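Shown next, in structure tokens, is the structure this report addresses.
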Amino acid sequence: MTKEFKPDAIIEANPKPEFKNDEYVPLKKEVYVKAGDMMSDKGYEEAYFADVIRTKMKRDNKRFWAGDNISDYLHEGDKERLIDEATEAFELVLDRLLIDRENDPNSKGTARRLAKMYFNEIMAGRYEPAPDATAFPNDSDDRYEGMLVVRSELRSMCSHHHQPVSGVAYIGIIAAQKLIGLSKYTRIAQWCARRGTLQEELCNDIAREIERATGAKELGVYIQAVHGCCENRGIMAHSSLTQTTVLKGAFKDDGNTKKEFFDNIKLQQEFAPR
Ligand SMILES: [Zn+2]
């Protein structure tokens, strides 16, 4: 016996509700708020705090790329607010990846761990002000005039894939009128590195910040690093090494100074290979 098809009575009795244009139901929070609205007190309350900061930076034409420091726009306690918001966003990413963060014990706190790791560790150099590098005078008769080469361990992250970058920077200067503590070279290099970077830009950033801290015009920065994005994905190149060099002043123009810098690097590598 063939059954006659009958449409579901309930569906038929309840046609689709009509969407009324004048009825506005916010989903949770405004993710994007127009710049004009943001300036009003009302806009501030509704927006994500990260959007408020972003609007201020746009208003000031402040660049906020992955490798830029934005600490001027943050006050005490702001980072905790941003971590809370990023946790929410990472929860959404895990949901979209179809990872059961409610029942999988290993994924339960992952969203918050990720948010904290980004702000406090792998991208800390974006949110923290420059390390305090007290300069000591180097202007007496017996001032140090030689070359100084410091090797700094680097941990960074490529801004393209958010994969780890690990390596060393060799920072060389001919001492100028002031000197900074030896550990400060590494602190400055790591502050530049703990962001989303490109190795080429990182090399430039370290050179610029060392110049700013020491006043040295003669300087060189050589970085060698392995990139997670080349090792763990894509070409899966497990022995690839990327080298970048920035040379300024005599390091660039004088063959002997340049040679001394690279000879020192080789001596350092013999002293403690890596
Ligand atoms: Zn990459």
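The chain is numbered in sequence order, starting from 1. Since this is a predicted model, take the numbers as computed values, not measurements. Values below: all heavy atoms of this structure, side chains included; hydrogens, waters and symmetry mates excluded. Just so you know, ligand 1 is whichever comes first in the structure, and atom 1 is the first atom listed for that ligand.
Glu128 and Ser71 share no donor-acceptor pair across their side chains, judged by distance under 3.5 Å alone. Gln224 and Tyr170 are not linked by any side-chain donor-acceptor pair at a separation below 3.5 angstrom, with hydrogens and angles left out of the test. Judged purely by distance below 3.5 Å, without hydrogens or angles, the side chains of Asp78 and Tyr73 never pair a donor atom with an acceptor atom.
For the Zn ion (ligand 1), the neighbouring protein N/O/S atoms at less than 2.8 Å, given as residue and atom, are Cys158 SG, His161 ND1, Cys229 SG.
Taking Ala66 as the reference, Met123, Ser159 meet the side chain to side chain contact (heavy atoms under 4.5 Å, CB included) condition, with sequence neighbours excluded.
Applying the ring-ring contact (aromatic ring centres under 6.0 Å, His included) rule to pairs touching residues 140-167 yields Tyr118-His162, sequence neighbours excluded. Sorted by first then second residue, the ring-ring contact (aromatic ring centres under 6.0 Å, His included) pairs that include residues 173-211, not counting sequence neighbours, number zero.
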